[in-house]
Each structure stands twice: as structure tokens, then as C-alpha cells.
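Take a look at the structure below.
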Amino acid sequence: MTNNDFGYNEKIPEKIRDIYKWLCQDVVSLQQKWDFWLEIFGKKENTDLVSELAPASFNIIWETLLNDVTMAICRLSDPPKSMGQENLSFATLAKSCPEIDGLERLVTEFLKICEPVRQRRNKRVGHRDLNSVIKPLENPLQGISKEQIDTIVKSAADILNFVIQKYESVEMNFHMVSPGGATSLIFWLKTGKASKNRA
């Protein structure tokens, strides 16, 4: 199976097969970015290391990853249509297969928990809301915790597993380990620091 085949399953009805496949790939991409962020910035030891060795570079990586995760979540939680264009989103999937009992409820719950992230996208990432920038105390953005993102990412995977399990008794794993990921980066940073300290 190639990366482009992930999520493809002939047992899923043809009318939603491509929608399902590409949503699977979007969720894998989201999960990879979030796992990378967690490995680098979710562990104090690793955060201390990157802050010591290359703070400016990792500040850019931190912000870029969070913005990417924000946009990925918002794409998954888009309505079926916006600006006259059809969207690849969970709402589109639910609209395309109303016969799957319980799917619409799961998607509605997903949209609800994504609302703070959508607000961040609308005010800070996709657009620069003037009042949020120049008057932050009067126009605060709701804080978004690591636990909230964990819940959203898990919920996205749960929706896709809920759908496929209507047609086949399998569970999709959206955690993919790639060579040269965050664990490798931390290893080489530690190795470089140890080498420098020995010099």
C-alpha cells in the first residue's frame, strides 16, 4: 500500500469511498504534525534542550506547527460548502451517508469541540482580527490547551473508525512513524550537545 492508498477500502460504498480515503489521509497528516509537536514541545526535557540550542529556530517551528494544526482541524470541521465550493470535511462525509446511524451526532460533537480552534483560525491564523491584535485585553481569544487538541485529534480518528466499522471489522491506526522524525531530531541534538561538551 502506498501513502496515496491509505484509507482506501473497497467495502466502503463508492459514493463516499474517495471522501473517506482523503479524510483518512488528512487525519494522518494532522496526527503526524501533532505527534511531532508533542515530542518536541510537550516534554519539558526536550523543550529545555531546543530552547538552549536553537531558540529562534524552534520558536518558528513551534508557531508554524501550531498554525498548521489549527488549519488542518478547521478544514476537517468545515461546512459541506463555503464560498460556493464543496469542502472535504466531516460534515460533507455525514451529509453523503445519512444512513449511518450515529455519524451525524459524532460530527456535531466534533464541530463543537473544534470551535475554539476555529476562533483562533479566524482571529489569528487565517486572518488578523484588528481588535484582537491591538486590544487583546478587551478582545481575548479563548485559550486552547494541549488536552483540547488531543481530544480533537482522537475524535477525528474515532469518526473515521466509526464509519469503516460499519462495513468491516477493522480499526485504522493514524499514528505513523516516519524515519527522521521528532525522536531522531532530539537524538541528534543530544548527540551534538554531548559532543560539544566533550570538546
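Keep in mind the model is a prediction, meaning the values are calculated, not measured.
Smallest separation of non-hydrogen atoms from L103 and A94: CD2-CA, 3.8 Å. Counting all heavy atoms, side chain and backbone alike, V153 lies closest to Q31 at CG1-OE1, 3.0 Å. In plain terms, the two heavy atoms of S89 and L23 that are nearest each other are O-CD1, 3.8 Å.
In this structure R118 satisfies the salt bridge (Lys or Arg N to Asp or Glu O under 4.0 Å) test together with D78, sequence neighbours excluded. For K43, the salt bridge (Lys or Arg N to Asp or Glu O under 4.0 Å) criterion is met by E39, not counting sequence neighbours. By the side chain to side chain contact (heavy atoms under 4.5 Å, CB included) test, A157 is found to be paired with F174, residues two or more places apart in sequence or in another chain being considered. Under the side chain to side chain contact (heavy atoms under 4.5 Å, CB included) criterion, D158 pairs with K154, not counting sequence neighbours. With sequence neighbours excluded, no residue forms a side chain to side chain contact (heavy atoms under 4.5 Å, CB included) with S169. In this view, E104 satisfies the salt bridge (Lys or Arg N to Asp or Glu O under 4.0 Å) rule with no residue, not counting sequence neighbours. With sequence neighbours excluded, no residue forms a salt bridge (Lys or Arg N to Asp or Glu O under 4.0 Å) with D35. When the side chain to side chain contact (heavy atoms under 4.5 Å, CB included) test is applied to L106, the partners found at least two apart in sequence or on another chain are E109, I159, F162.
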Please list, one pair per line, the donor and acceptor atoms closer than 3.5 Å that link side chains of residues 50-61 to other protein atoms, with sequence neighbours excluded.
from	atom 1	to	atom 2	distance (Å)
S51	OG	T47	O	2.8
E52	OE1	K193	NZ	2.9

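If you check the side chains of S82 and N87, you find a donor sitting under 3.5 Å from an acceptor.
Side-chain contacts under 4.5 Å among hydrophobic residues (ILVMFWY), followed directly or transitively, place F187 together with W188.
Applying the salt bridge (Lys or Arg N to Asp or Glu O under 4.0 Å) test to residues at least two apart or on different chains, the pairs with a partner in residues 93-103 are K15-E99. Residue pairs meeting the ring-ring contact (aromatic ring centres under 6.0 Å, His included) criterion with at least one partner in residues 74-114, sequence neighbours excluded, are F90-F110.
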